[in-house]
Asker: 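Could you have a look at this structure, given as structure tokens, before my questions?
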Amino acid sequence: AARAQPGQHIAVHDASAAPDLSSAFRLHNDLHRAVDRQELAAFFQPQVLAQGGAVKGFEALMRWRHPTLGLVSPAKFIPIAEENGQIVGMGAWMLQQACQQAVAWQALRPAGAAPLRVAVNLSLRQFGDPQLFRHVEAALENSGLPAEQLELEITEGTAMLDLHHTLELLRRFKGMGLKLAIDDFGTGYSSLAYLKRFPLDVLKIDQSFVRQICTDRDDQVIAQAIISLAHSLGLSVIAEGVETQAQHTLLQDMGCEEIQGYLHGKPMPGADVAGWLSGHAAG
Ligand code: C2E
Ligand code: MG
Ligand code: MG
Ligand code: MG
């Protein structure tokens with residue numbers, strides 16, 4: 001059972017809840033040292049053109065190599081980092097990693113190949129942090145990555161929390177030349193009027209609509225509606241979680257521009273990207 005530390009109040013409802021509770025505490029405590037101990041890693045997942053499959057860019061996804069628990073999923077540690085504020089420092093680190101990597105890949109591309117983009121997720125707390133703009137500027141400056149090659153992903157929840165702040169920040173980023181995407185689109189709530197006012201480039205269809213898209217008529221209708229909406233607003237669409245050729249083909253036929261998912265590549269360590277690219281057509 002969990003033991004209470006002085007000053008902490010712990011409610012254990014039944015014995016089966018205890019192991020979970022203590023592992024949550026463990027992650028919470030260990031995360032404080034993860035950055036200094038260089039246990040965080042940036043993985044990258046390819047995003048390819050639906051038509052023809054040329055690679056357009058990569059999404060940066062954070063991993064934590066815990067010394068004894070192994071690879072911890074961001075679904076487990078991002079919420080902890082979000083709650084204790086560490087996400088701000090971790091996110092700044094991620095921005096640096098992603099920009100540096102993108103510059104390194106570019107050097108390996110054949111002459112004349114289109115520049116590769118790198119997409120970085122921003123959490124709610126990061127988006128609200130006054131240092132964010134400076135962190136983004138620093139990552140671009142230190143790496144030399146052109147702003148046009150960095151895409152920032154925020155969710156609807158983040159975008160809608162403080163409309164004035166969002167509009168102002170997105171306009172500043174846009175003014176620098178960055179690309180802006182709404183992640184997990186369709187799973188949050190967003191006002192269509194604001195979608196129009198935000199200077200966005202991309203809507204990402206959440207994988208919950210993609211998983212059963214070949215058999216579930218409702219998912220098909222929703223995906224098609226998102227694609228039509230995006231195109232009417234002048235935005236392009238990336239589908240997430242595409243695992244089969246049938247899903248790819250269906251989304252391509254619906255007009256979805258880009259595909260991301262295990263079908264084309266799982267998230268991989270930065271060191272593996274060069275090898276993956278060498279086996280892939282330049283766009
Ligand atoms: P997300 O931004 O929506 O990222 C897409 C997630 O879908 C990733 O999970 C990716 O590995 C997974 N995925 C991609 N293709 C497939 C597929 O074909 N099948 C299946 N089953 N899954 C697929 P991951 O890497 O576990 O990340 C989960 C979430 O954690 C991300 O969702 C994002 O919200 C958050 N996250 C990850 N890295 C960062 C980060 O650096 N900063 C912040 N703030 N959040 C992050
Ligand atoms: Mg994302
Ligand atoms: Mg997503
Ligand atoms: Mg997600």
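Residues take their numbers from the sequence shown, with the count starting at 1. Just so you know, ligand 1 is whichever comes first in the structure, and atom 1 is the first atom listed for that ligand. Here the structure is a predicted model, which means the values were calculated and not measured.
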Asker: A side-chain contact here means heavy atoms from C-beta on lying under 4.5 Å apart; do Gln101 and Phe44 qualify?
Answerer: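 Yes, close enough: below the 4.5 Å cut-off.
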Asker: Which atoms form the tightest heavy-atom contact between Ile227 and Met254, and what is the distance?
Answerer: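 That closest heavy-atom pairing would be CG2-O, 3.4 Å.
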Asker: Does some non-hydrogen atom of Gly241 fall short of 4.0 Å from ligand 1?
Answerer: yes
Asker: Could you pull out, from Ala81, Ala42, Pro74, the option with a heavy atom nearest to atom 35 (C) of ligand 1?
Answerer: Pro74
Asker: For Asp30, which of His28, His32, Arg33 qualifies under side-chain hydrogen bond (donor to acceptor under 3.5 Å, both in side chains)?
Answerer: Arg33
Asker: Just give me the atom name: the N, O or S atom of Glu240 closest to the Mg ion (ligand 3).
Answerer: OE1
Asker: Determine the minimum heavy-atom distance between Met94 and Ala42, stating which atoms define it.
Answerer: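 Closest approach of Met94 to Ala42: SD-CB, 3.7 Å.
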Asker: Could you tell me which atoms of ligand 1, counted from 1 in the order shown, lie closer than 4.0 angstrom to a heavy atom of Ser123?
Answerer: 44 (N)
Asker: Show, in sequence, the C-alpha distance, side-chain angles and deciding distance for Gln260 and Lys204, and conclude whether the side chain to side chain donor-acceptor pair (under 3.5 Å) test is met.
Answerer: CA-CA 10 Å; Gln260 177 181 349; Lys204 296 190 74 177; 2.9 Å; yes
Asker: With Trp276 as reference, evaluate Phe43, Trp105, Phe58 under the ring pair (Phe, Tyr, Trp, His ring centres under 6.0 Å) test and give the passing residue.
Answerer: Phe58
Asker: With heavy atoms only and a cut-off of under 4.0 Å, state how Leu61 meets ligand 1: side chain, backbone, both or neither.
Answerer: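 The part of Leu61 near ligand 1 is both the backbone and the side chain.
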Asker: Under a 4.0 angstrom heavy-atom cut-off, which atoms of ligand 1 come close to Val242?
Answerer: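 Every atom of ligand 1 under 4.0 Å from some heavy atom of Val242: 18 (O).
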Asker: Any heavy atom of Gln260 sitting closer than 4.0 Å to ligand 1?
Answerer: no
Asker: Under 4.0 angstrom from ligand 1, any heavy atom of Gln126?
Answerer: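 A heavy atom of Gln126 does come that close to ligand 1.
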Asker: Which atom, among the N/O/S set of Glu59, is closest to the Mg ion (ligand 2)?
Answerer: OE2
Asker: Which single N/O/S atom of Asp183 lies at minimum distance from the Mg ion (ligand 2)?
Answerer: OD2
Asker: Is it true that some N/O/S atom of Asp184, main chain or side chain, lies under 2.8 Å from the Mg ion (ligand 3)?
Answerer: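 So Asp184 counts as coordinating the Mg ion (ligand 3), yes.
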Asker: Say whether Met90 and ligand 1 are in contact under the criterion: heavy-atom distance to a ligand atom below 4.0 Å.
Answerer: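 Met90: no contact with ligand 1 (<4.0 Å).
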Asker: Checking side chain to side chain donor-acceptor pair (under 3.5 Å) for the pair Thr166/Arg171: CA distance, chi angles, key distance, verdict?
Answerer: CA-CA 8 Å; Thr166 300; Arg171 279 182 178 155; over 6 Å; no
Asker: With the side chain counted from C-beta on, respond yes when Arg197 and Leu167 share a heavy-atom pair under 4.5 Å apart, and no when they do not.
Answerer: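 Side chain of Arg197 against side chain of Leu167, heavy atoms only: contact under 4.5 Å found.
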Asker: For the pair Gln96 (side chain) and Trp93 (backbone), establish whether a donor and an acceptor sit closer than 3.5 Å, ignoring hydrogens and angles.
Answerer: no
Asker: Please work out, at 4.0 Å between heavy atoms, whether the side chain, the backbone, both, or neither of Met94 comes within that distance of ligand 1.
Answerer: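 It is the side chain that gets close, since no backbone atom is under 4.0 Å.
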Asker: Yes or no: does Arg63 have any heavy atom under 4.0 Å from an atom of ligand 1?
Answerer: yes
Asker: Please check this pair: side chain of Gln45 against backbone of Glu59, looking for a donor-acceptor N/O pair closer than 3.5 Å.
Answerer: no
Asker: Determine whether a donor-acceptor pair (N or O, by modelled atom type, separation under 3.5 Å) exists between the side chain of Arg125 and the backbone of Glu82.
Answerer: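 Indeed, once roles are kept as given, a pair shorter than 3.5 Å links the two residues.
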Asker: Applying a 4.0 Å heavy-atom criterion (strictly less than), which segment of Glu82 is in contact with ligand 1: side chain, backbone, both, or neither?
Answerer: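 No part of Glu82 comes within reach of ligand 1.
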Asker: Please identify which atoms of ligand 1 are closer than 4.0 Å to at least one heavy atom of Glu243.
Answerer: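 Result: 17 (C), 18 (O), 19 (N), 20 (C), 21 (N).
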Asker: Would you confirm whether Gln106, through its side chain, and Leu116, through its main-chain N or O, come within 3.5 Å as a donor-acceptor pair?
Answerer: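 Looks like yes, one N/O pair under 3.5 Å.
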Asker: So for ligand 1, is Pro267 a polar contact partner (N or O within less than 3.5 Å, distance only)?
Answerer: no
Asker: Any N or O of Asp183 that comes nearer than 3.5 Å to an N or O of ligand 1?
Answerer: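 N/O-N/O distance below 3.5 Å exists for this pair.
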Asker: Would you say Glu153 has an N, O or S atom lying under 2.8 Å from the Mg ion (ligand 2)?
Answerer: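 Under 2.8 Å: Glu153 contacts the Mg ion (ligand 2) through an N, O or S atom.
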